[in-house]
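To start, the structure itself, in structure tokens.
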Amino acid sequence: MKFSSFLRIHWAALRALLVLTVVTGLAYPLFVWLLAQIPGLHDKAEGSMLAVNGRPVGSRLIGQLFTDSDGTPLPQYFQSRPSAAGHGYDPLSSGASNLGPENIVDTPGKPSLLTQVCTRSIAVGRLEGVDGSRPFCTGGGVGAVLSVIGPRDARGNVVAPTRVVSVNEPCASTSTPFLASYERVRVECAKDGPHSHEDYSIGQIVPIRGAAPADPVVPADAVTASGSGLDPDISPAYADLQVARVARARRVSPEQISKLVAQHRNGRTLGFFGEPTVNVLQLNLQLDHWYPLTGAAPADHG
């Protein structure tokens, strides 16, 4: 290649680099920044932050926990849905558990999705003073799942069980499985501990529905995390479930708290996208404003 051609090609490349740097590195960011200063967009561009007495307390777009240092829910606040982002609502660890509906058998140190849902449902039921039972969960709050061992037919179904094990109930925690017998075979608790070499996957894994109501009192968003782990909203059903507890903690009537919840209920986007929601942080900030925990007589928020 001639030296003149070499210079011409590299000079063209340099000019293209300078032009693209100005357009994409200076002009475009400046345009976006100016656009963000337009009234009505500036707050969103700054992260939709919410402040109390001039101090930022969170974003209306990112959920947060309302618990004490031990992780115990604070009774005076509405609780968010579970989060799989880090230790809960960590924007730097946004993500889901990636566990699906077929994840029903616990492994050492890692409870299945079913057991997580069952455990959360029992905990929410105790916190709110309601029935936390749900289908396919034991009374102890783990997945009601059996490993049925025995000869199988051509389709893989056990036809004559010889042994049945409650796989999510280790003997270390219980000596009485949730079910006494299955097809006239006594149900055993699972062997647990470092010296246990039982392989229950050789059996047919059978979830047991149980006698829980088909429509549990504890709603689904109270026991499952969102895909991002940062969802700031809960369903109106979950908000309504928490009204009585919050009213007791704030020493006001449930009707007053329900009225506040109704005022913070958001409808479907554009009238048909998604489901109605309640923003937890905004609702809790209004609780502190109208019904502070000072012992003073609260004002009725109409």
Side-chain angles (χ1 to χ4, degrees), residues 47-50 52 57-68 71-91 93-97 99 113 116-134 215-250 252 254-291 301:
S48 300
M49 300 299 293
L50 299 174
V52 175
V57 295
S59 168
R60 65 170 59 93
L61 303 178
I62 298 177
Q64 57 183 268
L65 299 174
F66 295 90
T67 58
D68 62 18
T72 303
L74 296 171
Q76 67 268 32
Y77 288 113
F78 282 85
Q79 297 298 308
S80 307
R81 65 185 303 182
S83 171
H87 293 294
Y89 290 100
D90 181 358
S93 301
S94 175
S97 66
L99 301 178
L113 176 62
Q116 291 182 44
V117 167
C118 297
T119 301
R120 291 165 180 165
S121 190
I122 290 292
V124 171
R126 289 172 179 167
L127 179 65
E128 309 301 344
V130 298
D131 180 13
S133 65
R134 58 194 320 112
D215 187 15
V217 176
V218 178
D221 63 309
V223 297
T224 55
S226 65
S228 68
L230 306 178
D231 191 349
D233 304 317
I234 58 176
S235 67
Y238 188 25
D240 291 341
L241 184 68
Q242 302 182 62
V243 164
R245 166 179 52 80
V246 173
R248 286 193 302 271
R250 302 255 172 189
V252 297
E255 290 74 21
Q256 289 172 289
I257 301 299
S258 293
K259 188 182 298 184
L260 201 60
V261 170
Q263 292 173 356
H264 285 79
R265 176 170 173 161
N266 303 307
R268 293 180 171 87
T269 304
L270 300 180
F272 59 93
F273 281 121
E275 296 292 333
T277 59
V278 176
N279 188 279
V280 181
L281 177 58
Q282 288 180 306
L283 176 57
N284 283 335
L285 290 179
Q286 286 299 299
L287 277 173
D288 283 342
H289 176 72
W290 291 103
Y291 309 118
H301 178 39

For E275 and S235, what are the C-alpha separation, side-chain angles and deciding distance, and is it a side chain to side chain contact (heavy atoms under 4.5 Å, CB included)? CA-CA 8 Å; E275 296 292 333; S235 67; over 6 Å; no
A side-chain contact here means heavy atoms from C-beta on lying under 4.5 Å apart; do [X] and [Y] qualify?
{"X": "F66", "Y": "S80", "answer": "yes"}
{"X": "Y77", "Y": "D288", "answer": "yes"}
{"X": "T277", "Y": "R268", "answer": "no"}
{"X": "Q79", "Y": "T67", "answer": "yes"}
{"X": "I122", "Y": "R126", "answer": "yes"}

I need the [X] [atom1] to [Y] [atom2] distance, nearest 0.5 Å.
{"X": "L74", "Y": "R245", "atom1": "CG", "atom2": "CZ", "result": "9.0 Å"}
{"X": "R81", "Y": "R120", "atom1": "CZ", "atom2": "CZ", "result": "9.5 Å"}
{"X": "I257", "Y": "Q286", "atom1": "CD1", "atom2": "CD", "result": "11.5 Å"}
{"X": "S93", "Y": "H87", "atom1": "OG", "atom2": "NE2", "result": "8.0 Å"}

Would you indicate whether D215, at its atom CG, is surrounded by more than 12 heavy atoms from other residues, nucleotides or ligands within a distance under 6.0 Å?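 Atom CG in D215 is not crowded, with 12 or fewer foreign heavy atoms closer than 6.0 Å.
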Between R60 and D233, is there a side-chain N and carboxylate O pair less than 4.0 Å apart? no
So, D231 versus Y89: side-chain donor-acceptor pair below 3.5 Å or not? no
